[in-house]
Amino acid sequence: CRRRPRLPPGPSGKLLIGNLLDVPTKHEWLRYAEYARTYGTLSLLREVAYPRSAGDIVCLRVLGQTLIILSSENDIKELLATRGAIYSGRMRGAMVQSVGEGVLVLPLGRPFRAIRRIFSSLLGPLAIRRCSDVQAQAVIQCLRRLVDQQQDPVIALKRMIGGAVLQLAYGYEVKSDDDHFVQLAEKSAFAFLSALQPGWVVDTFPALMDLPSWLPFTGFKRKVELWRQDAEQGLRAPWDWVKSRLASGVATPSFAAELMDHKDEDAARMALRDIYGAGMDTTLTASLWLILALALHPDVQIRAQREIDAVTLGERLPTLDDRGSLPYIDAIVKEVMRWHPTVPLAVPHIVTEEDTYHGYRIPKGSIVIANVWSILHDPQKYPDPEMFRPERHLSHDVKVNPNPYTYAFGFGPRQCPGRNLADTTLYLLASSVLATCTVSSAVSSHNEILTPESLEYTSGTISRPAPFHCRMTPRSEQLRALLYDGFSD
Ligand code: HEM
């Protein structure tokens, strides 16, 4: 009889708990990269046992669940993209299903495809150009807060991203930091993302969901009910607001106004709500890394400012149309996405059918994690990967420094549908900051001077820099005035 293929290699587990203690809880991508080096291609034994196998595929077994960690571009492309039809499921615990659906957890199928089509039509590479005026306005307002009020970058950038998203999606103008629709969007995103967190007992024992709420230890049911209402409000309230504005003939242009007669209203509402939920923390984090990278690299700022000044002559702000003439700004944005990838392990995929790869068995239901950080810090691809060096992306040598966007936004059918929106935001932010200001004096929340070597950052799905402050100084009075020319408050 034929032997069943083995699971991919990995640390040997303990009796009963398997690799439970091997699953990292801090800066997970660093430990997974270490596993790939120890158990992957560099392992001599594995080379002998599987001479034709390639890549750094590693397996952990935790309480009956298989975790497959991919660290090489070839493995990731082959499994998550080429075999994407069976490698694109999501974890859908009882908790998140009770709170409500979201694009992030929908299985591949008709509703998923309908929503992805909506995203392509609104946020595809060409469609995105019409968003740039709204984004530019939000960036300028944010810069005024950073420059003139020295506002905390997190607050100013949140307002910038949230304001642009609500304006584009619903034609809604955010007027204050505690705006009603912002709060709805925040609550709805919080509900969904909290329910998605691993560790809910009810995800392991779904039958608990049927217990009556008056029993002790069923507090999670009250949470579910509250969060379900928040998620539902996020779907309905702004959509209904646009509907009533359309009926009274006062609606301003928006994605919702365009989609109001869409044949699949549920898909349209979910797509719009999830732009905020999936786009806020990710874009905020990348923007924070951008500001911090500039503050820590004055030489990069000087070179970027020279490039911008040569195009705008200091008489206007750069626009999206200037992008082709500003390759160094483009390179800064790419380097931000590479240096500290916002989502270092992408979002886990689930295998929906058993598979075999390079002689290894990949069981149905395995969680597949793509170590994006590992690729973006591979010294063979990106020499001196720890250094923030935008000029690497100006090189014409195709063998090194591939475009980090190929990896930073995930893979296959689930690749991030908001990447063009995020990219335009980052380009407009970088070019406007550099056209008008110098960023300096980055300090931690304890007032310690920050250096590239001393940076701290969070663990988890999104890796954000630890809280910091920096100074945003106008380069001249004339350039500061550009923040007020022709842009309303
Ligand atoms: C710098 C900013 C961003 C980064 C780094 C980022 C990254 C990612 C990554 C890694 C994934 C998972 C892909 C996978 O499973 O393979 C993802 C999914 C997603 N992103 Fe983004 N994203 C960003 C901004 C945005 C924005 C602005 C939107 C707004 C539309 C957005 C909407 C989504 C959605 C809806 C999903 C779920 C897609 C699915 O499961 O099919 N993202 N993003």
Side-chain angles (χ1 to χ4, degrees), residues 29 70 76-77 79-81 84 87-92 96 101-109 111-124 127-128 131 135 138 157-158 160-162 164-166 168-169 185 189 192-193 196 255 267 270-290 333-334 336-351 367-373 375-376 404-430 460-464:
W29 47 98
L70 307 175
I76 290 176
K77 279 195 174 151
L79 298 184
L80 301 191
Y87 277 82
S88 297
R90 289 283 200 218
M91 281 183 269
R92 292 166 54 78
V96 79
E101 289 292 0
V103 191
L104 198 64
V105 295
L106 275 180
L108 299 192
F112 174 81
R113 285 197 301 275
I115 295 181
R116 296 292 304 213
R117 267 197 299 273
I118 292 173
F119 276 135
S120 304
S121 72
L122 299 175
L123 305 175
I128 204 70
C131 302
Q135 288 175 290
L157 290 166
K158 263 194 129 166
M160 172 189 91
I161 299 159
V165 165
L166 292 179
L168 289 167
F192 183 73
L193 296 174
L196 200 59
F255 296 160
M270 194 181 288
L272 296 191
R273 181 198 61 180
D274 289 355
I275 295 180
Y276 191 104
M280 171 53 89
D281 270 4
T282 43
T283 315
L284 168 65
T285 299
S287 305
L288 288 169
W289 281 120
L290 166 67
V333 174
K334 285 190 180 126
V336 167
M337 299 307 293
R338 186 204 69 78
W339 185 52
H340 270 280
T342 310
V343 196
L345 295 175
V347 177
H349 291 211
I350 296 285
V351 186
I367 300 173
V368 181
I369 294 176
N371 195 342
V372 170
W373 182 92
I375 300 180
L376 293 172
Y405 277 46
T406 317
Y407 319 109
F409 289 94
F411 308 92
R414 299 223 82 116
Q415 195 183 40
C416 174
R419 57 195 180 281
N420 300 312
L421 190 67
D423 172 55
T424 320
T425 306
L426 292 172
Y427 161 78
L428 288 169
L429 181 63
T461 307
I462 296 182
S463 179
R464 202 194 261 203

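Just so it is clear, the values below take in all heavy atoms, side chains as well, and ignore hydrogens, waters and symmetry mates. We count ligands from 1, going down the list as the structure has it; atoms in each ligand are counted the same way.
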Q) Could you state the interatomic distance from CD1 (I350) to CD1 (I367), rounded to the nearest 0.5 Å? A) 4.5 Å
Q.
Quick check on contacts: which atoms of ligand 1 are under 4.0 angstrom from a heavy atom of V103?
A. 40 (O)
Q) Checking side chain to side chain contact (heavy atoms under 4.5 Å, CB included) for the pair F119/L421: CA distance, chi angles, key distance, verdict? A) CA-CA 11 Å; F119 276 135; L421 190 67; over 6 Å; no
Q: Within a distance under 4.0 Å of any heavy atom of A286, pick out the atoms of ligand 1 and give their elements.
A: 1 (C)
Q: Could you check whether the rings of W339 and W289 sit parallel, tilted or perpendicular, using 30° and 60° as the cut-offs?
A: perpendicular
Q: Measure the spacing between CZ of R414 and CG of L108 and express it to the nearest 0.5 Å.
A: 6.0 Å
Q: Could you establish whether F112 and ligand 1 come within less than 4.0 Å of each other, counting only heavy atoms on the residue side?
A: yes
(Q) Taking 2.8 Å as the distance threshold, tell me the number of protein N/O/S atoms next to atom 21 (Fe) of ligand 1. (A) 1
Q.
Under the rule for side chain to side chain contact (heavy atoms under 4.5 Å, CB included), what residues qualify as partners of I118, not counting sequence neighbours?
A. L122, L259, H262, A267, A268, A271
Q: Step by step, work out the side chain to side chain contact (heavy atoms under 4.5 Å, CB included) result for L104 and D274.
A: CA-CA 8 Å; L104 198 64; D274 289 355; over 6 Å; no
**Q.** Enumerated ligand 1 atoms positioned under 4.0 Å from heavy atoms of A408
**A.** 5 (C), 7 (C), 10 (C)
**Q.** Atoms in ligand 1 flagged as close to T342, the criterion being non-hydrogen separation under 4.0 Å
**A.** 5 (C)
Q.
Within ligand 1, which atoms have a heavy atom of F411 less than 4.0 Å away?
A. 16 (O)
**Q.** Interatomic spacing from OG1 in T283 to CG in L288 - rounded to 0.5 Å
**A.** 11.0 Å
**Q.** Value rounded to 0.5 Å, distance of CE in M280 from CD1 in I161
**A.** 5.5 Å
Q: Identify the protein heavy atom lying closest to atom 37 (C) of ligand 1, giving its residue, its atom name and the separation to 0.1 Å.
A: L104 CD1, 3.4 Å
**Q.** For ligand 1, the portion of L123 having any non-hydrogen atom under 4.0 Å away
**A.** side chain
Q | Proximal ligand 1 atoms for R90, defined as those under 4.0 Å from one of its heavy atoms | A | 14 (C), 15 (O), 39 (C), 40 (O)
Q: Measure the distance from atom 12 (C) of ligand 1 to every protein heavy atom, then report the residue, atom name and distance (to 0.1 Å) of the closest one.
A: V347 CG2, 3.5 Å
Q | Validation row: V96, M91 side chains within 4.5 angstrom (heavy atoms) | A | no
Q. Under a 4.0 Å heavy-atom limit, does A370 contact ligand 1 with its side chain, its backbone, both, or neither?
A. neither
Q | Any N/O pair R414/ligand 1 closer than 3.5 Å | A | yes
Q | ligand 1-proximal atoms of D274, by part, heavy-atom distance under 4.0 Å | A | neither
**Q.** CA sep, side-chain torsions, deciding dist, call: S88, L80, side chain to side chain contact (heavy atoms under 4.5 Å, CB included)
**A.** CA-CA 7 Å; S88 297; L80 301 191; over 6 Å; no
(Q) For atom 38 (C) of ligand 1, which of the options R273, R116, H349, Q415 provides the nearest non-hydrogen atom? (A) R116
**Q.** Euclidean distance, L376 CG relative to W29 CH2, rounded to 0.5 Å
**A.** 13.0 Å
Q | Distance (rounded to the nearest 0.5 Å) between R90 CZ and L106 CG | A | 10.0 Å
Q. Looking only at distance, does M337 have an N or O less than 3.5 Å from an N or O of ligand 1?
A. no
Q: Go through the steps for R273 and M270 under the test side chain to side chain contact (heavy atoms under 4.5 Å, CB included), then give the verdict.
A: CA-CA 5 Å; R273 181 198 61 180; M270 194 181 288; 4.0 Å; yes
